[in-house]
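Worksheet: the structure to be examined is printed underneath.
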Amino acid sequence: MKIFSNLLFFSNLAESKNRRPNVIILNTDDFGIGDFQIYNREAKVPTPNIDRLGHEGVKFLSAHSGSSRCSPSRYMLMTGRYSMDDSPARDLRPDEPNLAEMFKKSGYKTGLFGKNNPLASMVINKNATDADNTHSKRLDEEFEQKMHKLGKHYKSLHPANFLPGNYEQKTKPSKYGYDYSFTNTFACCQPAGFYENGKGIEPVDTWLRQLPYPENLPKDTPIFNSEKGSCSSFPYTGYMGPDRYSEKYTGDPLDLSIYFCNFAIQQIAMKSYDSRHSEEMVVPKLENFIDENAEKEFFVYYGLRSGHGPFNTPIRFRNQTSVGMLGEMIKEADEIVGRVLGKLESNGIADDTLVIFMSDNGPSSSSSNILEKFGHNQKQLDLEDETIELAGGKGGQGEAGHRTPFLWRYPSRFAPRSIYDPTVPVSTVDIYATLAELIKYDLDCNEAPDSRSLVHYLDTGRPNAELEDKPILTHAPKTGANASIRKKNAKYVPGTKELYNLSSDPETKNNLYNKKEFQGMISYLDTFLKDWLQYLDEREITTKNGSKKNSCFPQFERFKN
């Protein structure tokens with residue numbers, strides 16, 4: 001009987017290698033690797049569905065996002081190209097090759113859900129006249145002048161300038177290769193609401209006021225800090241919901257100078273918008289997409305807002321964990337994963353669908369408050385024989401800023417395993433080439449040039465020669481630490497004069513930069529990194545960020561050394 005079972009397994013495995021998988025990428029926002037029990041047994045919130053992905057799939061313990069900031073990280077994932085641009089907004093252009101375009105060319109149905117970053121997010125009011133737009137631009141200028149006199153420098157956060165009307169996304173997701181999309185805007189810089197296939201689901205005609213969250217906070221709770229304009233009021237936060245402060249903008253520009261986590265106090269929105277329930281609006285659309293395309297091959301990218309402040313979740317999660325509002329978001333994210341798996345199972349396609357779970361970058365500075373108040377460590381990681389605490393966080397080059405949960409569940413092909421080799425780090429930039437190989441797609445010239453296929457690693461648990469030889473880069477927007485390189489077990493950050501041996505020092509406590517015996521290595525890595533960055537600049541100019549696909553650019557020569 002055992003022999004028969006083994007033969008059946010290998011028969012199914014051979015069949016699966018000839019079948020193209022459905023693909024779902026679940027990309028969360030600012031969660032730490034220690035937020036999930038599959039990575040941190042001491043995590044305070046049970047995550048049975050996320051853990052299931054790891055127990056039934058491949059769990060990477062040394063996986064890194066391309067950047068420790070949202071936009072560049074997501075841009076690099078979707079394009080398979082490194083970008084060291086420090087701009088907070090790293091938008092994908094419609095003419096750049098991207099994952100959705102690849103799947104669409106391959107005959108897949110493609111769907112985009114949730115946070116559409118790095119796709120261009122600008123929305124336009126189809127009812128606004130030229131005179132309205134001119135008036136709005138003038139208000140922008142006046143607002144910035146007034147804020148400058150107050151010593152405040154909030155830009156692009158002028159909700160008073162948005163007029164009621166019917167809004168559309170200026171560049172619709174179909175331009176990037178998506179057959180269907182249901183996305184939501186964040187209540188900070190755009191009218192808050194939901195867009196289906198690029199069009200608002202209802203008019204923008206309601207003024208919302210940011211309110212204390214949880215909802216039962218005393219009215220005198222010092223939640224908003226107009227002087228610092230930051231998250232200094234932790235563990236409290238704010239939400240935008242149906243409890244309207246006014247049917248219109250109050251008219252006081254100083255009202256807009258009061259922010260929580262840099263989000264405006266007042267915002268114009270669709271009536272259905274409630275930041276506590278934004279994921280609940282999106283998930284049913286994803287479930288419908290799976291139902292409608294269960295007989296086809298499909299690709300889904302779902303950018304969850306879960307993990308990103310201000311922390312908001314439905315009221316039913318209130319006080320369900322011991323980690324406050326962050327715990328609620330972890331619990332909601334786990335429920336979403338369970339709903340996705342359940343929908344795949346009800347359609348009989350769970351084993352033939354690859355589900356990738358990750359976070360775009362690590363936790364924000366509030367992680368220290370969360371550890372102090374709740375005893376939950378977002379940076380804690382269980383390795384094979386020890387438990388460590390990663391350094392740093394979002395925006396920096398510390399391991400906690402870009403070391404991400406990275407789970408791949410595809411039962412028809414990948415046997416469950418945990419992969420940890422500090423000399424062979426993998427990157428979310430590698431997703432592109434990996435999926436291309438799985439769906440038997442031949443990458444065009446200069447398409448996903450920095451992406452390395454992980455298929456052999458996922459199949460066998462052993463890296464191929466390319467993964468062993470080709471290092472990875474990480475980007476961070478903080479001054480002085482823009483780019484770092486991981487080559488074998490060495491981590492080198494020239495901007496902050498750091499060198500670590502990740503094999504013997506996974507917590508990066510022992511900086512080797514000033515050690516005499518490592519000066520030769522530093523000189524080599526410094527030259528290697530400078531040459532690589534110069535190469536990337538030249539390649540991006542020559543190929544116009546890859547849009548000139550027939551303008552082949554040679555591989556970086558030092559990879560061959």
Side-chain angles (χ1 to χ4, degrees), residues 33 58-68 76 82 84 381 383-386 388 390-392 397-404 406 417-431 433-434 449-458 460-476 481-536 555-561:
I33 200 167
V58 180
K59 175 180 73 170
F60 286 97
L61 287 156
S62 185
H64 304 262
S65 54
S67 174
S68 60
M76 288 185 247
Y82 285 122
M84 299 296 118
L381 171 62
L383 297 179
E384 293 173 342
D385 55 1
E386 63 178 327
I388 65 171
L390 303 176
Q397 286 288 5
E399 288 290 288
H402 53 75
R403 196 156 174 172
T404 178
F406 209 39
R417 59 167 51 93
S418 178
I419 295 178
Y420 177 59
D421 185 344
T423 68
V424 187
V426 300
S427 171
T428 57
V429 176
D430 298 328
I431 289 175
T434 306
D450 301 314
S451 188
R452 314 165 306 169
S453 175
L454 305 177
V455 170
H456 183 76
Y457 216 177
L458 290 158
T460 67
R462 299 186 301 275
N464 60 16
E466 182 184 28
L467 292 180
E468 290 182 321
D469 296 338
K470 186 177 179 180
I472 65 172
L473 293 178
T474 56
H475 163 270
N482 171 272
S484 73
I485 185 172
R486 275 290 304 276
K487 188 170 176 59
K488 302 293 185 181
N489 57 356
K491 174 176 181 172
Y492 176 56
V493 192
T496 49
K497 298 182 178 181
E498 295 175 87
L499 174 68
Y500 300 102
N501 180 337
L502 272 295
S503 290
S504 60
D505 182 25
E507 293 186 304
T508 59
K509 291 182 175 180
N510 183 21
N511 187 359
L512 306 173
Y513 187 86
N514 291 317
K515 299 289 180 67
K516 183 177 180 180
E517 61 268 34
F518 292 100
Q519 296 312 301
M521 177 182 289
I522 289 173
S523 178
Y524 168 73
L525 291 174
D526 197 65
T527 301
F528 191 109
L529 180 57
K530 286 178 180 176
D531 287 353
W532 196 359
L533 295 176
Q534 181 179 350
Y535 161 84
L536 292 178
Q555 180 61 279
F556 181 46
E557 286 296 322
R558 280 187 174 270
F559 288 150
K560 302 173 184 178
N561 296 342

Looking at every heavy atom in both Ala483 and Met84, which two are closest together, and how far apart are they? CB-SD, 3.7 Å
Check: Arg452 side chain, Val429 main-chain N or O, donor-acceptor pair, under 3.5 Å: no
Say whether, by atom type as modelled, one donor and one acceptor occur between the side chain of Ser523 and the main chain of Gln519 under 3.5 angstrom. no
Whether Glu517 and Lys515 form a salt bridge (side-chain N of Lys/Arg under 4.0 Å from carboxylate O of Asp/Glu) is what I want to check. no
Thr434 side chain to Val455 main-chain N or O, any donor-acceptor pair under 3.5 Å? no
Pair Thr474, Gln397: side-chain N/O donor-acceptor within cut-off below 3.5 Å: yes
Just by modelled atom types, is the Pro425 backbone N or O under 3.5 Å from a matching donor or acceptor in the Arg486 side chain? no
Sole candidate of Leu536, Ile472, Asp430, Leu473 that passes side-chain contact (heavy atoms from CB on, under 4.5 Å) when paired with Asp450: Leu536
Is Thr404 reaching over with its side chain to a backbone N or O of Phe406, donor-acceptor style, under 3.5 angstrom? no
Check whether Asn511 reaches the backbone of Lys497 with its side chain - one donor and one acceptor, N or O, closer than 3.5 Å. yes
So if I apply the side chain to side chain donor-acceptor pair (under 3.5 Å) rule between Asn489 and each of Asp505, Asn501, Thr423, which one comes out positive? Asn501
Donor-acceptor pair, side chain of Lys488 and main chain of Glu468, under 3.5 angstrom: yes
Looking only at the side chains, is there a donor atom on one of His402 and Ser68 sitting less than 3.5 Å from an acceptor on the other? no
Taking the ring centre of each residue, are Phe556 and Phe528 less than 6.0 Å apart? yes
Between Thr496 and Glu498 (side chain of the first, backbone of the second, donor and acceptor by atom type, cut-off under 3.5 Å), is there such a pair? no
Distance (rounded to the nearest 0.5 Å) between Leu454 CG and Ile431 CD1: 8.5 Å
Is the shortest side-chain heavy-atom distance between Gln555 and Tyr535 below 4.5 Å? yes
